[in-house]
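Remember, it's 1-based here, ligands and their atoms both numbered in the order they're listed. For reference, positions follow the sequence shown, starting with 1. Keep in mind that this is a model prediction, so the values were computed, not measured.
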Amino acid sequence: MNKDLYKKLQELRRTLEHHNYRYYSLDDPEITDAEYDRLMRELIEIETKHPEWLTPDSPSQRVGAPPVDAFSSISHSLPMLSLDNSLNEAEIREFDRRTQRLLERTDEIEYVCEVKLDGLAVELVYESGLLTIGSTRGDGITGENITQNLKTIASIPLRLRGTESAVPERLEVRGEAIMPLHEFVRLNQTRLDSGDPPFANPRNAAAGSLRQLDSSITASRRLDFFPYGIGLCSAPLPPSHNRVLSWFEELGFKTNPLTSICRGIEAVIDYHRRIMEQRDSLKYEIDGIVVKVNHLAAQERMGVRSRSPRWAIAFKFPAREATTRIKDIIAQVGRTGTLTPVAILDPVQIGGVTVSRCTLHNQDEIERLDVRIGDRVVVQRAGDVIPKVVRVVKEQRSGREQTYRLPDRCPVCNSHTIQAPGEAAVRCVNLSCPAQIKERIAHFSSKNAMDIDGLGEKLIDQLVEKGLLKSIADLYFLQKDQLIVLERMADKSAENLLAAIRTSRRRPLERVLFALGIRFVGEHIARVLVQAFGNLPALMQATPEELEKIHEIGPQVAESVNSFFAQKENRHLIERLEAGGVEFTAATKPMGDKLAGKTIVVTGTLTGFSRKEIEERIQQLGGRAAASVSHNTDYVVVGENAGSKADKAKELGIPILTEQEFNQMIDN
Ligand code: IVH
């Protein structure tokens with residue numbers, strides 16, 4: 001046996017597991033994705049040569065295993081219970097009184113409040129620290145063996161951290177597997193593009209992804225996991241639920257940062273209100289909170305009913321669903337020419353927001369839902385905030401409803417529309433279609449792209465309609481005398497606009513790349529591409545094969561980027577942007593080295609920077625902007641309403657800077 005190679009293999013596994021933990025559980029990576037990729041390839045290469053060395057906890061096992069024909073059944077050692085629901089304050093107060101009665105107490109009860117994650121309950125069995133079985137809840141008694149699929153979730157440890165003596169012989173960890181909203185949106189977009197029906201909500205998407213017989217599909221879906229309870233455990237348990245959660249953290253899990261100890265029912269009600277306010281800004285969908293009696297001895301004393309424990313209750317949020325009528329369906333032309341059917345609704349309040357229109361995605365979706373003009377429909381606002389029609393109330397049809405088909409001519413430029421074979425989208429292929437130009441310019445100048453202040457929708461409409469803008473590059477050739485003749489455009493505002501356009505010429509390459517509106521190239525992918533290629537000419541020449549070698553770049557993105565730059569019109573566009581003064585330089589190259597090697601966490605609201613701007617600034621100066629505070633953090637910059645991160649920094653003795661102090665540090 002080649003001892004050195006074996007040693008190397010073990011070393012690689014340890015390193016990869018460490019970086020996986022830093023990235024997914026702590027949200028605080030130490031190396032770049034490309035480096036991680038290189039290490040993983042090295043590991044897989046050794047394991048391919050020596051299949052006898054493969055182990056079930058190797059990080060390579062996260063990428064998916066050969067497909068199976070069906071899932072086997074798993075009996076849970078202890079039933080996986082469900083939760084009783086309470087829907088209002090009166091019901092939650094009743095739960096508190098019952099708890100006091102059962103525990104024979106009159107003082108405030110100590111509860112742990114958690115968010116109620118909208119995903120799929122799963123159980124993970126660890127034997128001597130090794131993840132051996134992962135299963136769905138099923139009916140609570142028997143679930144399905146989905147071990148291979150759960151192993152693809154990066155925040156689930158394949159082996160528990162900690163010394164052998166501290167890890168129990170058997171530990172069953174229970175928790176929720178979820179699909180983050182950005183992943184849900186991305187997945188549904190891909191499904192729509194390829195003609196598959198979209199998932200109705202992140203929960204269905206998570207469940208669908210975990211019930212794949214081919215685990216490489218699950219691996220591509222980027223699920224996440226938060227633990228919230230224990231099944232069987234061979235070791236003595238900590239005395240309270242919050243200590244169980246801290247133990248999970250020590251074992252390598254990521255626990256939910258919103259969890260909080262609440263003394264007495266008023267604190268619980270307050271928590272419910274606070275979380276409801278944050279609901280729309282979370283990265284995943286929640287449908288309420290879960291209230292648990294903290295002390296395990298008290299839990300034991302209260303006991304369980306047949307399906308749910310007496311010591312816990314869900315306190316749900318109001319539904320974000322309502323019924324209304326579809327008054328009309330119109331076709332909207334997007335920046336790639338796609339015609340999107342949009343339902344015009346009788347305005348309706350959903351979760352505090354008035355909704356009066358809502359996308360129907362494409363023709364396939366109209367047919368799948370069988371929606372017609374005049375139908376009563378159920379509209380839902382999920383966490384991604386974009387309202388959608390989930391179902392038609394067919395029982396209420398009068399017979400006068402009208403079916404709808406996307407037009408075969410563009411509603412804006414009247415050119416013929418086409419539907420490419422195998423694609424669900426109907427497109428207007430006229431690149432000079434004013435609707436497309438407007439959308440491209442709006443995207444190009446938007447905040448996270450070139451950030452051209454003052455270039456609003458109305459102004460874009462005028463500029464395109466007057467023929468002053470036929471392409472995004474025309475922006476950089478606009479003259480003041482062309483502007484002042486426009487409606488509501490005074491001398492000063494024309495100057496301001498031209499100044500904003502000039503400033504935008506120096507936006508970093510990743511922003512310019514995102515601004516170009518290449519299909520599938522969002523902000524994140526744009527950054528990945530710039531990090532990998534460093535400059536535009538290199539990216540423009542990359543073959544799909546070269547692109548696909550990059551971590552996070554799949555065949556769809558590779559194909560899209562390659563064909564974008566292969567088109568003569570687009571190369572011409574780049575040349576004109578350059579001629580107009582756009583710089584195309586990468587920000588990832590440090591502009592200075594004031595913060596070289598420094599890891600900085602920003603928390604709270606700042607006055608002079610948006611979160612994104614300060615993070616970009618830190619990177620430009622050679623530093624790294626991290627999401628969470630740890631021993632490796634060098635500084636924490638605190639703004640208004642800074643929360644637990646500032647506390648953690650104090651606890652660890654990390655220097656805290658005000659925004660002003662940060663400015664002084666980078667200016668001098
Ligand atoms: S505890 C014995 N905690 O809600 C208590 N459940 O209706 C078992 N859920 O099947 C569950 N977030 O899928 C618990 N923080 C949380 C949860 C949570 C979501 C789900 C879980 C369970 C369902 C019960």
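Nearest heavy atoms, Val348 versus Thr323: CG2-O, 3.9 Å.
Between Arg320 and the options Asp287, Asp118, Asp280, a salt bridge (charged side-chain N to carboxylate O under 4.0 Å, His left out) holds for only Asp280.
Around ligand 1, the residues contributing at least one heavy atom under 4.0 Å from the ligand are Leu81, Ser82, Leu83, Glu114, Val115, Lys116, Leu117, Ala121, Arg137, Glu176, Tyr228, Val290, Lys292, Pro309.
Surrounding CZ of Arg211 are at most 12 heavy atoms belonging to other residues, nucleotides or ligands under 6.0 Å away.
Remark: the backbone N or O of Ile313 is not paired with any side-chain donor or acceptor of Asp84 at under 3.5 angstrom.
Among pairs with a residue in residues 69-120, those fulfilling ring-ring contact (aromatic ring centres under 6.0 Å, His included) read Phe95-Tyr111, at least two apart in sequence or across chains.
Side-chain atoms of Gln349 and Thr354 include a donor-acceptor pair closer than 3.5 Å.
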